[in-house]
Each structure stands twice: as C-alpha cells, then as structure tokens.
Amino acid sequence: STDLTVSAALSVLKFFDSHVDSRTCTPLGFKAEELKELPLFETVSGHIRGIAKVDSFCLPDALPTSGSKKWMERTLYTVFLKLQPQLVSLYRSLKLTDKSLQDVYQQYILNNFDVLAEEERMRHLYFIQSHWKAGEKEWSDVMEQLKITPCFVTSDGVLSCVCKFFDPMVDLF
C-alpha cells in the first residue's frame, strides 16, 4: 500500500516546512497546488488526504469536539485540518488560513446545529456562554446568530430558536 501513516506524513510536511524559500514562499520550488495534491495533510478526524481544490483550514484547538463529525459531514468542499504548530511556515506558504472560534461557529456549527444531539448542542452553548461571560466582545456576532438558531426542543419535540423563548429587551447571558 502507498498510504502513509500520520507520523510519516507529518515528517514529510516537516521536511517541506524546513525548506520553505523565504523569497518565493514555496517549499523546494514546488508550487502550492502541487504540494496540496499530495495526501500528506491530517484532518481533525485523523485521516491523511490532499487538500487541492477544497477550502481547507486548521480548526482552533479550543473548539469543543462534541458532534464535530456530524456538522463537518454537512460542509461540502471544506477540509478541517488538525492544527500542527510546527508547520506554520509551510501553512503560510500554502496560504492555509486559520479561522477564529467565532468564524467556525458562525459559518459551520450554528448552521448545522440541528444535526447535533441535545447534549452536544448544550456543550457548545456552555462553551459560547463561558466566552461571552468572560467579556470577550468578539462573540457578539455569534450571540446574534444564536438568537435565530434552532437549538432548544419544545414540548412537542420541535427544535426552536432561542428568540421564541426570551424577551429581546433582556440580555441573553
């Protein structure tokens, strides 16, 4: 089999990372798209794959993993990579961007909240609440989106938005 193990793929990427040309921002003269085609990149689910022709970025480490497989499966043409801090130069040369926790919630998780089990939704809600209560104002857009995200089950078993359960004149958290 020609499949590399996770550690072998990481070793190859470390080699490329240590040989990024500072003038051209390319590893050993490779074009970014050529390198992205190689099955060397570890996803958050532990698979090794190429990342050409897909959006790909590293997920922040602090992100709760509850239900991640469910919401990730619903995001077409996006690959979530495991963060490898030792590959910063290579990632920069390949123009792989990081997404903030807020961006991940707004673009991916909250849009797919309906596929998560109640316990998984609650873990994410507690996580968001803890950051909001800590005074992290960059979460205000997430809080606004949360108001219209179906996340609570009503007595008749329907997933409903928070806005149906609170007065908008009262702070949510």
Side-chain angles (χ1 to χ4, degrees), residues 4-7 9-10 13 36 39-51 53-88 90-92 94-173:
L4 291 174
T5 64
V6 170
S7 62
L10 181 59
L13 289 176
K36 286 180 175 183
L40 297 172
F41 300 88
E42 184 181 4
T43 65
V44 293
S45 58
H47 296 98
I48 300 296
R49 61 162 293 161
I51 56 172
K53 299 180 179 139
V54 294
D55 289 332
S56 48
F57 62 88
C58 298
L59 282 181
D61 278 340
L63 187 71
T65 57
S66 297
S68 59
K69 184 176 179 181
K70 294 175 188 173
W71 61 262
M72 284 181 195
E73 287 175 349
R74 290 180 86 187
T75 55
L76 299 176
Y77 309 111
T78 303
V79 174
F80 302 96
L81 300 175
K82 181 176 181 185
L83 182 63
Q84 302 287 358
Q86 66 272 39
L87 299 176
V88 170
L90 179 63
Y91 284 175
R92 192 174 307 121
L94 297 177
K95 297 185 176 26
L96 296 178
T97 58
D98 293 349
K99 290 218 182 267
S100 69
L101 287 167
Q102 299 85 353
D103 289 341
V104 174
Y105 271 102
Q106 287 185 276
Q107 294 174 21
Y108 302 102
I109 298 175
L110 293 180
N111 291 332
N112 293 291
F113 230 42
D114 60 316
V115 298
L116 301 179
E118 184 173 0
E119 181 180 308
E120 295 163 342
R121 288 192 306 271
M122 293 309 293
R123 280 195 184 118
H124 285 287
L125 292 173
Y126 286 128
F127 181 80
I128 292 168
Q129 179 190 28
S130 69
H131 284 279
W132 180 253
K133 278 189 167 181
E136 298 177 28
K137 295 303 178 196
E138 61 271 11
W139 286 84
S140 60
D141 289 340
V142 175
M143 295 301 289
E144 286 303 310
Q145 185 174 346
L146 188 58
K147 292 176 184 177
I148 58 169
T149 300
C151 55
F152 293 105
V153 180
T154 61
S155 58
D156 57 356
V158 175
L159 204 56
S160 293
C161 300
V162 174
C163 63
K164 297 192 186 237
F165 297 97
F166 77 99
D167 180 345
M169 302 308 290
V170 177
D171 284 338
L172 188 56
F173 290 120

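We use all heavy atoms of the structure for the numbers below, so side chains are in, but hydrogens, waters and symmetry mates are not. Numbers here are sequence positions counted from 1. Note that this is a predicted model, so its numbers are computed, not measured.
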Got a second to check how far L96's CG is from L83's CG, nearest 0.5 Å?
11.0 Å
Neighbour count >12 (heavy atoms, 6.0 Å) for atom CD, Q107
yes
Less than 4.5 Å apart, any side-chain heavy atom of L94 and any of K36?
yes
Side-chain contact, heavy-atom cut-off 4.5 Å: T43 with M72?
no
Rounded to the nearest 0.5 Å, what's the gap from CG on D103 to CD on E138? Could you check?
11.0 Å
I'd like to check S160 versus P150 (side-chain heavy atoms, cut-off strictly below 4.5 Å). Are they in contact?
no
Heavy-atom closest pair (F41 atom, G50 atom, distance to 0.1 Å) is CD1-CA, 4.4 Å
Mind listing the closest non-hydrogen atom pair of L87 and L10 along with its distance?
CD1-CD1, 3.8 Å
Could you grab the distance from atom CG of L110 to atom OG1 of T149, nearest 0.5 Å is fine?
4.5 Å
Ignoring hydrogens and angles, tell me if any N or O in the side chain of Q145 forms a donor-acceptor pair with the backbone of Q106 under 3.5 Å.
yes
To the nearest 0.5 angstrom, please state how far the CD1 atom of I109 sits from the NE2 atom of H124.
5.0 Å
When rounded to the nearest 0.5 Å, the distance separating OH of Y108 from OG1 of T78 is 4.0 Å
Under 3.5 Å, sequence neighbours excluded: what are the donor-acceptor pairs made by side chains of residues 55-68?
residue	atom	partner	partner atom	Å
S66	OG	R123	NH1	3.2
S68	OG	T65	O	3.0

When F113, F80, Y105 are each screened for ring pair (Phe, Tyr, Trp, His ring centres under 6.0 Å) with W71, the one that passes is F80
Locate the shortest heavy-atom distance separating D114 from L159; write the atom from each residue and the value.
CA-CD2, 3.5 Å
Minimum heavy-atom distance between I128 and V142, given as atom pair plus value
CD1-CG1, 4.0 Å
Nearest 0.5 Å, please: how far is CH2 in W132 from CG in L125?
14.5 Å
Tightest non-hydrogen contact, residues L146 and C151, listed as CD1-SG, 4.4 Å
If you draw a 6.0 Å radius around NZ in K82, do more than 12 non-hydrogen atoms from other residues or ligands fall strictly inside?
no
Parallel under 30°, tilted from 30 to 60°, perpendicular over 60°: which one fits the rings of W139 and F127?
perpendicular
